[in-house]
Amino acid sequence: MYICISIGRSGFPGSLIREPAPYSPSGSTSLQLGGVSDIEAVSNSASSLEFRCVLGEGPWKFGDPGISARRGGTAHPIYTYARSLVKKRLECGGDDSRADRRREMGNGVSMQTRCIFVEIHGRTEKVTFARHCASKDIQETIALAAGASSWTGVILKDKHGGLVTVTSAMDNNTLDTPYKVQIVEAKVPKHSFSDNTEMIQTVVNQVAEQFNRVFRTEENKAEMTTRLNALEKRMEREGLKVVDIERCRKDISEIKTQLYDNKLRLYMENHSHSPVSDDKKMSYAGDIPTYPKYILSQETIDYLKKPTFDIWHWEPNEMLSLLEHMYHELGLVHEFNMNPITLKRWLLCIQHNYRNNPFHNFRHCFCVTQMMYGMIHLCNLQEKISRFNLGLLITACICHDLDHPGYNNAYQINAKTELAIRYNDQSPLENHHAAVCFQILSQPECNIFGNVSDADFNRVRVGIIALILATDMARHAEILEKFKVNVDHFDYKSEDHITALKMILIKCCDISNEVRPMAESEPWLDCLLEEYFNQSDREKAEGLPVAPFMDREKVTKPTAQIGFIKFVLVPLFDAVARLFPQIDGTMVESLRQAQHHYERMKLEDDAKKAHATPPDKRGSIVA
């Protein structure tokens, strides 16, 4: 800690200033007081001289007039110097050349130092002073070094015995040629120090007052007690707030549960068939279809064969006509000897057995089937596999999510639904879709395979069930590895190879949304997340496990897609591209672009979060 003392030019004490941190002004003059170097001349103005003293360890005591600040019984230099300073001011007056030089120092003049060597009582001492240091200050320093009073006179002689004027401009010497010091006792000034005790005591009293302000222990103790009491009251109030918050959260949770139960009850009342049963099916009766006959333009026919086909621009009746066109264009009506009216009725019945879910609905059915139709033409499968197998592929795509309840297999198994119990937790939804498919085909008026032989119908049944079960993502790795084993030496005459190809194709089409342009694929992601969030909300309400990729509080669009595209879609389509290289420049490239799109989106989201986070929440050290 530093204490600054300002002495007026008239010789009277000025202000006493406490500084909380060390301060070393450029060009300050250190005065050696009896070997102590802890007093510095800080500033010199026309009105006052200001000195700073470095205070060592306490304690410091202040008493009656005339008693100095003491440390261990020894008068501290601040007291001694204050006495000498007042006496010197009275002797030398208030204005001299030193004031001018100090003003130069205050105005920023460079303070170059000089040094001389002096011989005092047979020992050589080095004296350092500023270039513009006053002669009186140099004499005082040498006198104090010699153990004499600062009021004594100092005479310097060179090696030849010549007198040397004590000024800052005197010649430099060396350690070998020191100036010899001769001390001359000076007369005590007319205004002796003993006559100015009152003035000195005023300075000391000011110092004592400042110390009392700094070390006001009792006041600090009282202030800390007050603050602690206020903190305790605040913590008590905050504790009450926490209790209130928990109570509000509980009330909100109960309200959400009631709202969900009401919503679920309304949903069950508006749906005649069970969300977890395949006992009931909807059949369409009537000989004449209700949807009108559409005439497709050649442009639409050609566009329908492309993987970039926009499925959002078509109404349900138009999608039914497009599906009907696929059966005719691929020659499936002729291959299975289908009745065109039965085909129309079957398509209507299929449409009515898809629920109005956000994602797994009739439009998703059409989307998957159109992608299969596009891959058939892109890979020229008509020339590689039979029409019978093409019919199985198209029909399995249309039926692969029939009567989907909007809750995946994990929910069915964890909730122990009727479907999970019926199918022993083995692909309950896919088994349900296949069962509903053949319940519809069991009706003569909707059986598009009613004119084939029993042996062919069994082949149809086995083939469609196998393809629908292949859409279970739990079997993804198994099916992909089996296909990759055969892809480099694929044999179109092998039934096993053809079965593996059909399974991998329906898997590609089922999760192919990201193959389409971003403007068409991103809305599907919104629909999928909405269905996921509905399931996770219900799982939380029922106390069931919640998958992280379905939790609305954890998942975002980029985090939902980046890993899925990188580790599922790209390896899957890369494997197919080894057999059909033509899809690499269209489908695989689209997947890579989609991955880059969501990676950029994630970076933007992270940047927004970082910008919105307060600085003291970003992990930095806060004082």
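Basis for what follows: all heavy atoms, side chains included, without hydrogens, waters or symmetry-related copies.
- Summarising the geometry of N172 relative to C115, their closest heavy-atom pair is OD1-O, 3.6 Å, with the distance given to 0.1 Å.
- Sorted by first then second residue, the ring-ring contact (aromatic ring centres under 6.0 Å, His included) pairs that include residues 225-250, not counting sequence neighbours, number zero.
- Remark: K159 pairs with no residue by the salt bridge (Lys or Arg N to Asp or Glu O under 4.0 Å) rule, at least two apart or across chains.
- Across P358 and C527, no two heavy atoms sit closer than the pair O-CB, 3.2 Å.
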Verdict with reasoning, R516 to E514, per salt bridge (charged side-chain N to carboxylate O under 4.0 Å, His left out): CA-CA 5 Å; R516 301 180 186 275; E514 296 301 335; over 6 Å; no
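- Listed for the S135 side chain is a donor-acceptor partner under 3.5 Å among the backbone atoms of V166.
- N173 places a side-chain N or O within donor-acceptor distance of the main-chain N or O of T177, the cut-off being under 3.5 Å.
- In terms of modelled atom types and a separation under 3.5 Å, the side chain of T165 and the main chain of T167 share no donor-acceptor contact.
- Between N513 and L525 the shortest side-chain heavy-atom distance does not fall below 4.5 Å.
- Contacts of D605 classified as salt bridge (Lys or Arg N to Asp or Glu O under 4.0 Å), with partners at least two apart in sequence or in another chain: none.
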side-chain contact (heavy atoms from CB on, under 4.5 Å) assessment of F564 paired with Q595: CA-CA 9 Å; F564 183 69; Q595 179 181 341; over 6 Å; no
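- Checked by atom type and distance alone, the side chain of Q535 pairs as donor or acceptor with a backbone atom of N408 at under 3.5 Å.
- Side-chain atoms of D137 do not come within 3.5 Å of backbone N or O of C133 as any donor-acceptor pair.
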Stepwise side-chain contact (heavy atoms from CB on, under 4.5 Å) test for V184 and V154: CA-CA 6 Å; V184 179; V154 175; over 6 Å; no
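- Between the side chain of T559 and the main chain of V555, no donor-acceptor pair closer than 3.5 Å is present.
- At least one side-chain heavy atom of L163 sits less than 4.5 Å from a side-chain heavy atom of K157.
- Using a 4.5 Å heavy-atom cutoff, the side chains of T226 and E223 are not in contact.
- The side-chain heavy atoms of P405 and L429, taken from C-beta on, include a pair separated by under 4.5 Å.
- For the pair R123 and H121, the minimum side-chain heavy-atom distance is below 4.5 Å.
- You'll find the side chain of I116 reaches within 4.5 Å of the side chain of V118, heavy atoms only.
- Between the side chains of T417 and Q412, a donor-acceptor pair is found at a separation under 3.5 Å.
- Panel note: side chain S536, backbone M550; a donor-acceptor pair is recorded below 3.5 Å.
- Ring geometry, W524 versus F359: the interplanar angle exceeds 60°, so the pair is classed perpendicular (tilted spans 30 to 60°).
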Stepwise salt bridge (charged side-chain N to carboxylate O under 4.0 Å, His left out) test for D526 and K557: CA-CA 8 Å; D526 295 328; K557 291 172 71 171; 3.3 Å; yes
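- In this structure, R538 satisfies the cation-pi test against Y407, with its NZ or CZ atom closer than 6.0 Å to the six-membered ring centre and inside 45 degrees of the ring normal.
- Within the 3.5 Å criterion, the main-chain N or O of A415 finds no donor-acceptor partner in the side chain of E542.
- Ring centroid separation for the pair Y179 and F117 does not come in under the 6.0 Å cut-off.
- Within 6.0 Å of NZ in K540 there are more than 12 heavy atoms belonging to other residues, nucleotides or ligands.
- For the pair M473 and V568, the minimum side-chain heavy-atom distance is below 4.5 Å.
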side-chain contact (heavy atoms from CB on, under 4.5 Å) assessment of Q561 paired with H597: CA-CA 10 Å; Q561 289 302 93; H597 168 76; over 6 Å; no
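- V181 is not listed as a side-chain neighbour of E125, based on a closest heavy-atom distance of 4.5 Å or more.
- Residues R355 and N361 have side chains that never bring a donor and an acceptor to within less than 3.5 angstrom of each other.
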Check against side-chain contact (heavy atoms from CB on, under 4.5 Å), H364 and H404: CA-CA 11 Å; H364 170 67; H404 195 296; over 6 Å; no
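- Side-chain N or O atoms of R114 include one that pairs as donor or acceptor with a backbone N or O of M170 at under 3.5 Å.
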